[in-house]
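I have placed the structure first, in the form of structure tokens, so that the comments after it can refer back to it.
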Amino acid sequence: MCRTVDLHQAVLARNDENALALRSYLGDRGTVAVNLLSSPGSGKTALLEQLLARAVAGGTPAAAVTADLATENDATRLARSGAPVQQILTDGLCHLEAGMLQRRLEGWLPEGTRLLFVENVGNLVCPASYDLGETLRIALASVTEGEDKPVKYPTAFGLAQLVVITKTDLADAVGFDRDAFLAGVRQVNPGVPVLETSARTGQGVDALLAHVLRCAAGEETHVPVLARQHERHTHRHGNGHGHPAEDGHTHADGHTHADGHVRPGVRGPAR
Ligand SMILES: Nc1nc2c(ncn2[C@@H]2O[C@H](COP(=O)(O)OP(=O)(O)OP(=O)(O)O)[C@@H](O)[C@H]2O)c(=O)[nH]1
Ligand SMILES: [Mg+2]
């Protein structure tokens, strides 16, 4: 008998299991993971350099893992902050997976790390579907990329719990249409907080770190509509519960629908 196996769905399902284990591993250590996702060159590393330096100066134990297909350039840049940093080379893969991150953390993640920043591979498509056990997912876009990125990449921006506009020092030079960008964000992810930053001038970096710390303390949560829709879909068709999920109820495995993180099984459509 022949059986059709959807390889992509199988890979995502395995990642969800690994992300569940990773979330619990991090939770046991009191570590909160922040997943940064954007297109190549939009300024993830530059912003992280600033965030890590401020976290270190402010006495918040922070660490970072950065992923690329090639080179250790970003790890070298981030390590200048004084925070512990690891580079993952993905061997051609366009995204990070939970298992890859967990393997890198084991035996390395320093005791007492409060914030673990994870710079994903520069890509607005593949990484969007992979839960990394994070508590906060940030989608970034620089003013030089154009205003339409949120609507062109609705999974990446639709599953974010925070959207960050980068390189605002260049906004006037490139004629960035802020209102159009914000309208696009509202369309794919109503209610998501949006912060504006420049790693060059430092604008908005303190506010961003403060937001991350509030999320880590559970004081700031945003559950994207897209995440709720996918969760309902998963519950009806994928996980055997046989009923759509309602926000606020608790399952036998202890997870609830009001806790604000993008849960295993909550992901964008397969691409
Ligand atoms: N003017 C200006 N340039 C910036 C800013 N942030 C980053 N850049 C520049 O943009 C380029 C790319 O920045 P990176 O931080 O390497 O971008 P990235 O998102 O980490 O790139 P990948 O890791 O390749 O995906 C570099 O030349 C930075 O100096 C900013 O706020 N303002
Ligand atoms: Mg980078």
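Whatever order the structure lists ligands and atoms in, that order sets their numbers, starting from 1. Computation of the quantities below employed the complete heavy-atom set of this structure, encompassing side-chain atoms and omitting hydrogens, waters and symmetry-equivalent molecules. We're numbering straight along the sequence, starting at 1.
- Near Asp74, with a cut-off below 4.0 Å to any heavy atom, the atoms of ligand 1 are 23 (O).
- At least one cation-pi condition fails for Arg23 and Tyr25: the charged atom is not both under 6.0 angstrom from the six-membered ring centre and inside a 45 degree cone around its axis.
- For His211, there are no ring pair (Phe, Tyr, Trp, His ring centres under 6.0 Å) partners at least two apart in sequence or on another chain.
- Counting only heavy atoms of the protein, atom 20 (O) of ligand 1 lies nearest to Thr45 OG1, 2.7 Å.
- Residues Glu134 and Arg137 are paired through a salt bridge, judged by an N-O separation under 4.0 Å between the basic side chain and the carboxylate.
- Shortest contact from atom 2 (C) of ligand 1 to any protein heavy atom: Asp169 OD2, 3.6 Å.
- With hydrogens left out, the protein atom closest to atom 29 (O) of ligand 1 is Arg200 NH2, 3.3 Å, a heavy atom.
- In summary, the atoms of ligand 1 found under 4.0 Å from a heavy atom of Ser198, numbered by their order in the structure, are 31 (O).
- Some N or O of Ser42 is nearer than 3.5 Å to an N or O of ligand 1, by distance alone.
- For the residue pair Asn15/Asp131, the side-chain donor-acceptor check at 3.5 Å is not satisfied.
- Closest to atom 13 (O) of ligand 1 among all protein heavy atoms lies Gly43 CA, 3.8 Å.
- Between Arg178 and Glu196, at least one side-chain nitrogen of the basic residue sits less than 4.0 Å from a carboxylate oxygen of the acidic one, meeting the salt-bridge criterion.
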> Can you list the steps and then say if Glu220 with Gln161 is a side chain to side chain contact (heavy atoms under 4.5 Å, CB included)?
Replying inline: CA-CA 10 Å; Glu220 183 93 47; Gln161 289 148 310; over 6 Å; no

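- Between Glu119 atom OE2 and Asp74 atom OD2, the angle centred on the Mg ion (ligand 2) amounts to 100° (nearest 10°).
- Between His8 and Tyr130, the angle of the ring planes goes over 60°, which puts this pair in the perpendicular group of the 30/60° scheme.
- Contact annotation for Val121 and ligand 1: no heavy atom of the residue comes within less than 4.0 Å of the ligand.
- Here the protein heavy atom with the shortest distance to atom 16 (O) of ligand 1 is Arg77 NH1, 2.8 Å.
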